[in-house]
S.K.: 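Please see the structure below; I have some questions.
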Amino acid sequence: MKIINVKNRKNEFIRFGSFPHSYWSYSTFRAVLGFISYGKINLKVLSGKLYFYATAITSFTALGISKQGGFNAGHVFSLFILVLVTVAYWLHATKKSSTKARYFENFLWSFSFFLSLVPAVNETFTRVPIGHPLAKDINDPIIGQTLLVLFVLFIIVAVFQYFKQKKINTKLGAELKSRVQ
């Protein structure tokens, strides 16, 4: 049985970002499941909880990786995503009875997901297929066009979630009124 010596393979881990990318793939899968099932990342169910934990782990561990050396834009993305999911989790945990908090919570989960896609697109397009990547660098037009499409999809999802949450809030308001009377 061979044990991997991480110190000797540090450059390989940094080059391919193995640890954070595997968690990112897992959290992406969970987010997509949540979007399909509930129209949002729903922290009340397992897929939402797993999205939160996998995204937090990914963002935190990505802080120790740098292709260029030192603190860079990727680290800023990681920190920002970590803040977004932490605030969304806090809203979910502490503002359970606030219907307005659900709007912000939904937006923060979706925005964290969109922001997670930005470095993923950059990294994937500049590395895949091996030997002849789709993009030469992060300034390649294919990356910009892909991110624009993803941004438009994010806006569509955010608007959809707003109206879906408004419908839920209206229904809850009607139920509360009928209970009071």
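The figures here come from the full heavy-atom set of this structure, side chains too, leaving out hydrogens, waters and symmetry mates. If you read the sequence from its start, that first residue is 1, and numbering goes on from there. Predicted, not measured: the structure shown is a model, and the values here were computed from it.
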S.K.: Around atom OH of Y103, are there more than 12 heavy atoms from other residues, nucleotides or ligands closer than 6.0 Å?
M.R.: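 Count over threshold, so yes.
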S.K.: Who pairs with V87 by side-chain contact (heavy atoms from CB on, under 4.5 Å), at least two apart in sequence or on another chain?
M.R.: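 Result, side-chain contact (heavy atoms from CB on, under 4.5 Å) vs V87: V83, L91, L108.
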S.K.: Which residues satisfy the side-chain contact (heavy atoms from CB on, under 4.5 Å) test with S98, sequence neighbours excluded?
M.R.: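 By the side-chain contact (heavy atoms from CB on, under 4.5 Å) rule, S98 matches K95, K100, A101.
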S.K.: Would you list the atom pairs, donor with acceptor, under 3.5 Å between side chains in residues 140-148 and any protein atom, with sequence neighbours excluded?
M.R.:
residue: D140; atom: OD1; partner: I142; partner atom: N; Å: 3.3
residue: D140; atom: OD2; partner: K136; partner atom: N; Å: 3.1
residue: T146; atom: OG1; partner: I142; partner atom: O; Å: 2.7

S.K.: Check whether any side-chain heavy atom of I81 sits under 4.5 Å from a side-chain heavy atom of T55, and report yes or no.
M.R.: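 A side-chain contact exists here, since the closest heavy-atom pair is under 4.5 Å.
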S.K.: At their closest point, which heavy atom of F52 faces which heavy atom of V85, and how far apart are they?
M.R.: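 That would be CE1-O, 3.7 Å.
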S.K.: Membership question, hydrophobic clusters at under 4.5 Å side-chain separation (ILVMFWY): are V152 and V149 in the same one?
M.R.: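 Result: no, two separate clusters.
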S.K.: About how many Å separate OG1 of T170 and CD of Q165, when rounded to the nearest 0.5 Å?
M.R.: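 Rounded to the nearest 0.5 Å, the CD-OG1 separation comes to 9.5 Å.
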S.K.: To check you understand the geometry: which heavy-atom pair defines the closest contact between S78 and L63, and what is its length?
M.R.: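 In this case the closest contact between S78 and L63 is CB-CD2, 3.8 Å.
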S.K.: F160 and I168: same hydrophobic cluster, using ILVMFWY side-chain contacts below 4.5 Å?
M.R.: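 No: no chain of side-chain contacts under 4.5 Å links F160 to I168.
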S.K.: Is there any side chain to side chain donor-acceptor pair (under 3.5 Å) pair reaching into residues 147-162, and which pairs are they, with sequence neighbours excluded?
M.R.: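 Side chain to side chain donor-acceptor pair (under 3.5 Å) check on residues 147-162 returns S110-Q161.
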S.K.: Could you give the distance from CD1 (I57) to CG (L82), rounded to the nearest 0.5 Å?
M.R.: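 Taking CD1 in I57 and CG in L82, the distance rounds to 11.0 Å.
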S.K.: Do L43 and W109 have side chains that get closer than 4.5 Å, going by heavy atoms?
M.R.: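 They are in side-chain contact.
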S.K.: Enter the distance from I41:CD1 to L50:CG here, rounded to the nearest 0.5 Å.
M.R.: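 The CG atom of L50 is 12.0 Å from CD1 of I41, to the nearest 0.5 Å.
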S.K.: Please list, chain by chain and in numerical order, all residues satisfying side-chain contact (heavy atoms from CB on, under 4.5 Å) with K96, sequence neighbours excluded.
M.R.: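 Expected list: H92.
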S.K.: With sequence neighbours left out, write down each residue that passes ring-ring contact (aromatic ring centres under 6.0 Å, His included) with F60, or none if nothing qualifies.
M.R.: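 Listed in chain order: nothing, the list is empty.
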S.K.: Taking side-chain hydrogen bond (donor to acceptor under 3.5 Å, both in side chains) as the definition, give me every residue that meets it alongside S59, ordered by chain and number, with sequence neighbours left out.
M.R.: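 side-chain hydrogen bond (donor to acceptor under 3.5 Å, both in side chains) check on S59 returns nothing, list empty.
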S.K.: How would you list, by chain and number, every residue that makes a ring-ring contact (aromatic ring centres under 6.0 Å, His included) with F154, sequence neighbours excluded?
M.R.: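 With neighbours one apart ignored, the set is F107, F111, F114.
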S.K.: As an exercise, state the distance from OH of Y53 to OG1 of T58, rounded to the nearest 0.5 Å.
M.R.: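 Atom-to-atom, Y53:OH and T58:OG1 are 14.5 Å apart.
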S.K.: Looking at OG of S116 and CZ of F80, how far apart are the two atoms once the value is rounded to the nearest 0.5 Å?
M.R.: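 Separation between the atoms: 11.5 Å.
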S.K.: Run the side-chain contact (heavy atoms from CB on, under 4.5 Å) check on V128 and L134 step by step: do they pass?
M.R.: CA-CA 6 Å; V128 176; L134 296 169; 5.7 Å; no
S.K.: Quick one: which residue pairs count as a salt bridge (Lys or Arg N to Asp or Glu O under 4.0 Å) with a foot in residues 105-115, not counting sequence neighbours?
M.R.: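 Found R102-E105.
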S.K.: Is the CD1 atom of I138 crowded by more than 12 outside heavy atoms at less than 6.0 Å?
M.R.: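 No, not enclosed.
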S.K.: side-chain contact (heavy atoms from CB on, under 4.5 Å) with T99: which residues, sequence neighbours excluded?
M.R.: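 N169, L172.
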